Undergrad: 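Okay, here's the structure, questions in a sec.
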2 protein chains.
Amino acid sequence: MKIKCAKADLLTGIGIVLKAVPAKTTMPILDCILLKAVNGQIALVGNDMELGIETVVRGDIIEEGIIALNAKNFSDIVRKLPDNDVTIETDASLNTKINCEKTKFNISAKEGSEFPGLPQIEKSKKVTMSQFTLRSIIVQTVFSISDNENVKVMTGELFEIKGNKMRAVALDGHRIAVRNIELKEDFGNYKVIVPGKALNEISKILSGETEDEVNIYFSDKNIMFELEDTVILSRLIEGEYYKIDQMLSSDFETKITVNKRELFNSIDRATLLIKESDKKPVVIETSDQILNLRMNTQIGTLDDEINIEKEGKDIVIGFNPKFIIEALRVIDDENIDIYLVNSKSPCFIRDSAENYIYLILPVNIVA
Amino acid sequence: MKIKCAKADLLTGIGIVLKAVPAKTTMPILDCILLKAVNGQIALVGNDMELGIETVVRGDIIEEGIIALNAKNFSDIVRKLPDNDVTIETDASLNTKINCEKTKFNISAKEGSEFPGLPQIEKSKKVTMSQFTLRSIIVQTVFSISDNENVKVMTGELFEIKGNKMRAVALDGHRIAVRNIELKEDFGNYKVIVPGKALNEISKILSGETEDEVNIYFSDKNIMFELEDTVILSRLIEGEYYKIDQMLSSDFETKITVNKRELFNSIDRATLLIKESDKKPVVIETSDQILNLRMNTQIGTLDDEINIEKEGKDIVIGFNPKFIIEALRVIDDENIDIYLVNSKSPCFIRDSAENYIYLILPVNIVA
């Protein structure tokens, strides 16, 4: 195999597929990036057997071939090369020269055939949206998944497509994050659970531009995200997802409208009084158009006040501050609405169109 | 005690004295920052018993007093306050209110009298230079100290003042870093060994401006750095420093002039082939006006070439790449001169005026 690419293109490609290279693995071949120069196209592949990424790199193929290179060494070497054309050449004994200007590296490769191929997906079941939208959906929900591997479906996120509507749901038993979006056309009905870890990596690859599209394909076991030069494949999580519609019922006794930044800063201050071992709730108490926020831990106390708009009766309620902080962090709105019933019932942070809904269970507080 | 300061001023002061608060200590009072509001002046103090820092903070004293506050909690709280005036008020039971706008923190303080005072230094033995110069001296030498606490003098840096000349020396048994500077006037003769850790922290506090001055005072046991609003005290290391003049003899057989950035990049590439356990030298070989640089490890090989200007005979020599990299990183010159004798003798990287001299011992290589 012999190819030539610009260093910058090669480095971009490596950066993308590295997201599927496992940090730890019992299969040494998965520590590698597969380098394919076949059918006139240069592609890089990373695969941790849950998530697989293949990306095309512009360049010239002088001699076709497929090899696997240790991902860390390969990426370290390319990153430190001069900013110019890079030639990669592997001989029959898998000695691999990586040359750029007067710099000549030599490392050994592995047989490309040892590297596990990505699953094939038939492109019949498809949904299309902008990369910006998909990234927003993921970023605004994925923090609410659980990392408890014993309840597998909670480590994933529900993607539910009904005609021209899509709903993404993540929950961990203490909170639920929901994003509703409208699709450009009717794509049919699908319901899959995508691993949260994969979605986290995918969100970093998506461009964030509204004009860049992503095609999403489904099979029974896998989901594929197709970008311009990159395809990302993830296994799906098997099982039945939770029925959440009833939990999202929208009765309320109190509605609070508050500046998001002020509430965020205030709760952020409260969290600095918490040591890891010491799970104290932040207590929120309304008194007419003022929200009083209190925290009381071994380190000390905080008493804070924010001006709000309030409809309905006053309330006292306690929360794990982390859950509120994480929801506020991903909401773009300047002012948010919080809907409450009583000190034992979940609160809802949602916009009027229900583009986003964050349900958070309260923590028992001693009045 | 009751004081009022702008948040920004308080935070700057905390940032300075935090550099003397130990990460770990068996004396809980040292985890604190001392807050002194006496004689019309507000000051903060940090002290790890080796390094002590006191800095003045602008503000109003409503009631004088001295208290000690846990450094981490105090700095976390102030950092997250709104950007406005902060009031700190401690009652007789050491309950301390930290208030800003509508935000009210309450933490408990410790008695200020428990906090160990900084040593007093008579201001008779003095040297003055710009903060820029002192910072350069430290940054350009301190990386060459040893972290081996068994040879205490090697963990410090020699400050040697002779009339209007000052020399700073750091060495670790494999290399020596020397900086020579000219002082504005004749300050007398002093020779002290300053702990390297203290110098590292001090370099972060120095302003880096040539018009800001620092007065340095000496006693038998301590050194004091006096800035505009801050004094920094460090213990001195006792003992006799190494005599290095003979080692700095300047005979050479080969002189190489090379672009610093090119040599740095090339050695930096070589280091990525090194695993921690695998201490391989980088081999440098001159061939007329070309420097060939080679590395050969378990990971692979590197072969690199740089154009140089050379006087004298060709040479092959091996080095621990880290020692060259660390010297090159702190040299400001675009081109550097390297002086060599043979493959067993130290190399010197120095400018013609000997403002800086880096002596590096070679590593044995199998030819």
Side-chain angles (χ1 to χ4, degrees), chain A residues 7 31 69-84 90 94-109 261-262 264-275 290-308 321 325, chain B residues 7 31 69-84 90 94-109 261-262 264-275 290-308 321 325:
Chain A
K7 175 203 166 171
D31 281 333
L69 289 170
N70 178 280
K72 184 178 182 317
N73 297 340
F74 184 38
S75 80
D76 283 352
I77 286 171
V78 173
R79 187 171 302 120
K80 296 217 167 164
L81 287 175
D83 203 2
N84 209 329
T90 302
L94 294 167
N95 287 317
T96 303
K97 290 185 209 158
I98 304 176
N99 295 355
C100 182
E101 293 181 359
K102 293 174 184 167
T103 305
K104 295 169 193 153
F105 277 98
N106 201 321
I107 57 176
S108 72
R261 178 55 43 198
E262 283 187 41
F264 182 92
N265 287 346
S266 187
I267 298 181
D268 191 36
R269 270 171 219 139
T271 57
L272 65 85
L273 294 178
I274 304 177
K275 288 193 184 166
I290 288 175
L291 185 147
N292 178 257
L293 191 143
R294 294 191 298 275
M295 192 88 194
N296 185 353
T297 75
Q298 288 178 329
I299 296 177
T301 66
L302 166 67
D303 197 304
D304 218 343
E305 259 181 36
I306 306 173
N307 294 325
I308 56 169
I325 284 275
Chain B
K7 176 203 165 170
D31 281 332
L69 289 170
N70 177 280
K72 184 180 182 313
N73 296 341
F74 184 39
S75 82
D76 283 352
I77 286 172
V78 173
R79 188 172 301 119
K80 296 217 168 164
L81 287 175
D83 203 0
N84 209 330
T90 302
L94 293 167
N95 287 319
T96 303
K97 290 185 208 155
I98 304 176
N99 295 355
C100 183
E101 294 181 0
K102 292 175 187 166
T103 304
K104 295 168 192 151
F105 277 98
N106 200 321
I107 58 175
S108 71
R261 177 57 40 196
E262 283 187 42
F264 181 92
N265 287 346
S266 187
I267 297 181
D268 191 36
R269 269 171 219 139
T271 57
L272 66 86
L273 294 178
I274 304 176
K275 288 193 185 169
I290 287 175
L291 184 147
N292 178 257
L293 189 142
R294 292 191 300 274
M295 190 87 196
N296 184 352
T297 75
Q298 288 178 328
I299 296 176
T301 66
L302 166 68
D303 197 304
D304 218 343
E305 259 182 38
I306 306 172
N307 293 325
I308 56 169
I325 284 274

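Just so it is clear, the values below take in all heavy atoms, side chains as well, and ignore hydrogens, waters and symmetry mates. Owing to the predicted nature of the structure, the values given are computational and were not obtained by experimental measurement. The sequence lines fix the lettering, A, B, ..., with proteins before strands; numbering per chain opens at 1.
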Undergrad: At what distance, to the nearest 0.5 angstrom, does OG1 of B:Thr103 lie from CZ of A:Arg269?
TA: 4.0 Å
Undergrad: Looking at NZ of B:Lys104 and CD of A:Glu305, how far apart are the two atoms once the value is rounded to the nearest 0.5 Å?
TA: 5.5 Å
Undergrad: Using non-hydrogen atoms only, which part of B:Asp268 is less than 4.5 Å away from chain A: side chain, backbone, both, or neither?
TA: both
Undergrad: Between B:Asn73, B:Asn99, B:Ile306, who has the most heavy-atom pairs with chain A when the cutoff is under 4.5 Å?
TA: B:Asn73
Undergrad: Would A:Lys102 and B:Leu293 satisfy side chain to side chain contact (heavy atoms under 4.5 Å, CB included), going step by step from the backbone distance to the final call?
TA: CA-CA 11 Å; A:Lys102 293 174 184 167; B:Leu293 189 142; over 6 Å; no
Undergrad: Should we say atom NZ of A:Lys72 is surrounded by more than 12 heavy atoms from elsewhere, each under 6.0 Å from it?
TA: no
Undergrad: Non-hydrogen atoms of chain A under 4.5 Å away: do they reach the side chain of B:Ile77, the backbone, both or neither?
TA: both
Undergrad: Are B:Pro82 and A:Glu262 close enough that some pair of their side-chain heavy atoms sits under 4.5 Å apart?
TA: no
Undergrad: Heavy atom to heavy atom, less than 4.5 Å: which residues from residues 297-304 of chain A reach chain B?
TA: A:Ile299, A:Gly300, A:Thr301, A:Leu302, A:Asp303, A:Asp304
